[in-house]
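The block underneath contains the structure these notes are about, expressed in structure tokens.
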Amino acid sequence: MTSRIIGTGSYTPAQIVTNDDLAKIVDTSDEWITGRTGIRERRIATEENTSHMAVEAARRALENAGMKPEELDLILVGTTSADHCFPSVACEVQGALGAVHASAFDISAACSGFLFAMNALQAFIQARMYRTGLVIGVDCLSKLVDWNDRSTCVLFGDGAGAAVIRAEETGIRHTVMKSDGAKWQVLSCISRTNGNFLNNKDPKLGYLYMDGQEVFKFAVKKVPECIHEVLDESQTEIESIKYFVLHQANYRIVESVAKRLKQPMSKFPMNMERYGNTSAATVPILLDELNREGKLESGDRIVLSGFGAGLTWGATLLEW
Ligand code: COA
């Protein structure tokens with residue numbers, strides 16, 4: 001018994017912000033951003049919040065799967081930008097959808113969030129606790145970045161992606177998830193702290209902080225490693241993989257991973273040009289685009305891989 005993706009959906013805000021738009025608020029240029037990252041524009045939430053984007057992506061995934069919200073047993077949301085400390089985004093989604101039979105909670109693994117949530121759902125299904133679940137990767141990092149910091153604000157965008165997953169005989173074949181908490185400082189966002197009546201702490205607003213070069217080095221080393229691991233442990237030839245759906249942070253990272261894996265770039269679809277890095281949402285948004293463009297056929301072998309703050313990273317091998 002394993003589980004299979006039976007429907008996908010995604011949502012990105014309507015507001016497009018181009019590199020030229022950003023050059024009006026920080027000292028940057030389209031040439032610098034495109035050359036270093038491959039990003040040309042991103043979507044930024046104006047009316048939408050995190051749960052709104054998650055609900056829209058979920059509705060589209062359910063429609064794509066031909067399923068009703070009442071049929072869901074579990075809703076897991078990978079996010080690090082929930083609208084509230086509590087309740088979770090997952091509970092807000094459950095309420096908005098009317099998924100009255102589902103349990104719901106969030107998983108915090110930053111840009112690896114969708115992958116970690118999907119693997120957790122797979123484990124619940126394999127343990128026969130649940131049969132049908134919804135997994136969402138959503139982030140609204142526009143509310144966490146410092147819009148005066150050109151080294152980070154140009155990289156991110158907002159969005160959500162979702163997948164409906166059901167117990168079946170074929171589908172997810174193997175998963176690998178890794179963490180290195182000793183390196184948490186290289187990519188972090190310190191939460192707002194109010195202090196308490198004893199420590200007199202002033203409230204502080206946390207912005208996203210990133211050591212870009214450390215993250216770059218980490219990604220190009222660990223992503224190929226975990227992809228090799230997932231393939232070796234499942235005794236799968238790398239040549240049999242149709243697509244490597246990687247976290248969309250930077251085209252140079254994707255190119256470097258392809259080179260290290262000795263695989264052609266045609267196996268690495270990309271869309272960061274249009275959305276930037278949407279954190280937990282990049283992998284499911286890209287997967288949804290491939291699905292809706294008819295590029296995924298039954299039996300195709302696909303590797304999903306994410307990496308991000310924590311540090312966290314991982315890979316999942318599945319058959320479509
Ligand atoms: N526009 C123009 N110049 C910029 C800039 C911007 N938006 N951001 C930084 N710069 C400048 C720096 O100030 C620096 O100037 P200096 O040489 O005068 O000091 C120069 O560009 C080079 O900066 P550096 O940080 O060395 O660039 P880089 O080649 O490492 O590229 C990243 C920066 C962020 C694109 C790159 O490190 C990266 O992609 N890292 C991984 C990030 C990532 O994937 N994060 C998400 C993980 S989930």
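Just so it is clear, the model here is predicted, and its values are computed rather than measured. Both counts, for ligands and for their atoms, begin at 1 and track the order of listing.
- Listed by chain and number, the residues in a side-chain contact (heavy atoms from CB on, under 4.5 Å) with Asp288 are Thr8, Ser10, Arg292 (sequence neighbours excluded).
- In this structure, of Ala249, Ala309, Ser29, the residue bringing a heavy atom nearest to atom 44 (O) of ligand 1 is Ala249.
- The single protein non-hydrogen atom nearest to atom 26 (O) of ligand 1 is Gln213 NE2, 2.6 Å, given as residue, atom name and distance.
- Remark: Lys143 NZ is packed, more than 12 non-hydrogen atoms of other residues, nucleotides or ligands lying under 6.0 Å away.
- Ligand 1 places these atoms under 4.0 Å from at least one heavy atom of Val215: 43 (C), 45 (N), 47 (C).
- The Cys111 neighbourhood of ligand 1 comprises atoms 48 (S), with distances under 4.0 Å to a heavy atom of that residue.
- Counting the atoms of ligand 1 from 1 in the order shown, those under 4.0 Å from a heavy atom of His247 are 48 (S).
- To the nearest 0.5 angstrom, Leu287 atom CG is 6.0 Å from Leu296 atom CG.
- For atom 41 (C) of ligand 1, the nearest protein heavy atom is under 4.0 Å away.
- When every heavy atom of Asp83 is checked against every heavy atom of Val89, the shortest pair comes out as N-CG2, 4.4 Å.
- Looking at atom 10 (N) of ligand 1, its nearest protein heavy atom turns out to be Trp32 CZ2, 3.4 Å.
- Donor-acceptor pairing under 3.5 Å is recorded for the side chains of Glu233 and His174.
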| CA sep, side-chain torsions, deciding dist, call: Asn250, Phe216, side chain to side chain contact (heavy atoms under 4.5 Å, CB included) | CA-CA 9 Å; Asn250 184 319; Phe216 196 99; 4.0 Å; yes
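- Around atom CZ of Arg274, more than 12 heavy atoms belonging to other residues, nucleotides or ligands sit under 6.0 Å away.
- The distance criterion of under 3.5 Å between nitrogen or oxygen atoms is met by Asn250 with respect to ligand 1.
- At under 3.5 Å, a nitrogen or oxygen of Gly212, whether backbone or side chain, sits near a nitrogen or oxygen of ligand 1.
- For Glu47, the CD atom counts as loosely surrounded, since its 6.0 Å shell holds 12 or fewer non-hydrogen atoms of other residues, nucleotides or ligands.
- Taking distance alone, with nitrogen or oxygen atoms compared against 3.5 Å, Thr28 approaches ligand 1 more closely than that limit.
- For ligand 1, the atoms sitting less than 4.0 Å from at least one non-hydrogen atom of Ile253 are 44 (O), numbered in the order shown with element in parentheses.
- Under the 4.5 Å side-chain criterion, counting only non-hydrogen atoms from C-beta, Arg40 is in contact with Glu273.
- Below 30°, between 30° and 60°, or above 60°: for Phe307 and His247 the angle between ring planes is above 60°, a perpendicular geometry.
- The single protein non-hydrogen atom nearest to atom 28 (P) of ligand 1 is Arg36 NH1, 3.4 Å, given as residue, atom name and distance.
- Nearest non-hydrogen protein atom to atom 36 (C) of ligand 1 is Arg252 NH2, 4.1 Å.
- Here Asn277 has side-chain heavy atoms under 4.0 Å from ligand 1, and that is the only part of it that gets that close.
- Atom numbering of ligand 1 starts at 1 in the shown order; those under 4.0 Å from a heavy atom of Val154 are 7 (N).
- Ligand 1 is never approached by Ile33 to a heavy-atom distance shorter than 4.0 Å.
- Checked against a 3.5 angstrom limit, the closest N/O atoms of Thr37 and ligand 1 fall outside it.
- Tested against Arg42 for a side chain to side chain contact (heavy atoms under 4.5 Å, CB included), the candidates Thr12, Ile16, Thr278, Asn19 yield a single pass: Asn19.
- No side-chain N or O of Asn277 forms a donor-acceptor pair with one of Gln248 less than 3.5 Å apart.
- Protein heavy atom at the shortest distance from atom 45 (N) of ligand 1 is Met210 SD, 3.1 Å.
- Distances from atom 18 (O) of ligand 1 to the protein include no heavy-atom value under 4.0 Å.
- Taking atom 14 (C) of ligand 1 as the reference point, the nearest protein heavy-atom neighbour is Arg150 NH2, 4.7 Å.
- Among Thr316, Val230, Leu317, Leu318, the one residue that satisfies the side chain to side chain contact (heavy atoms under 4.5 Å, CB included) test with Arg173 is Leu317.
- Protein heavy atoms come within 4.0 Å of atom 48 (S) of ligand 1.
- Interface atoms of ligand 1 facing Ser151, defined by a heavy-atom separation under 4.0 Å, are 8 (N).
- For the pair Leu62/Lys68, no side-chain contact is recorded, criterion being any heavy-atom separation below 4.5 Å from C-beta on.
- Note that atom 30 (O) of ligand 1 has protein non-hydrogen atoms nearby, at separations under 4.0 angstrom.
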